[in-house]
Amino acid sequence: FGIVLKTVIQKYALPNQAVLGKFFFGNASTLLASDLKVLFCAALVIALIVICFWKEFIIVAFDREFAYSIGYPVFFLDIVVTFVIVASVV
């Protein structure tokens with residue numbers, strides 16, 4: 001979405017067009033050590049969740065009815081998978 005918005009805005013003569021690329025895509029040189037620590041901790045938590053629930057994720061992804069029949073909390077696992085995907089992307 002950011003690339004499309006940047007393309008549309010660049011078609012118009014606006015004074016602050018040069019700043020848009022840095023605003024949408026960031027600048028790696030402005031990362032602080034504390035930012036990297038937060039990103040590392042978030043990645044570690046996401047990886048641990050995926051490792052701990054790997055078997056359950058696979059069963060729910062391929063056969064929801066079977067997972068439900070053997071007592072897995074399918075709705076809870078759906079929420080966890082959604083959380084992991086959103087946290088990974090954002």
Qualifying ring pair (Phe, Tyr, Trp, His ring centres under 6.0 Å) pairs, either residue in residues 68-90, two or more places apart: none
From Val84, Ile85, Val86, residue fulfilling side chain to side chain contact (heavy atoms under 4.5 Å, CB included) relative to Ser88: Val84
Please list, one pair per line, the donor and acceptor atoms closer than 3.5 Å that link side chains of residues 46-63 to other protein atoms, with sequence neighbours excluded.
unit_1: Asp63; atom_1: OD1; unit_2: Phe66; atom_2: N; d: 3.4

Enumerate, atom names and distances included, each donor-acceptor pair closer than 3.5 Å involving a side-chain atom of residues 35-44, sequence neighbours excluded.
unit_1: Asp35; atom_1: OD2; unit_2: Leu32; atom_2: N; d: 3.2

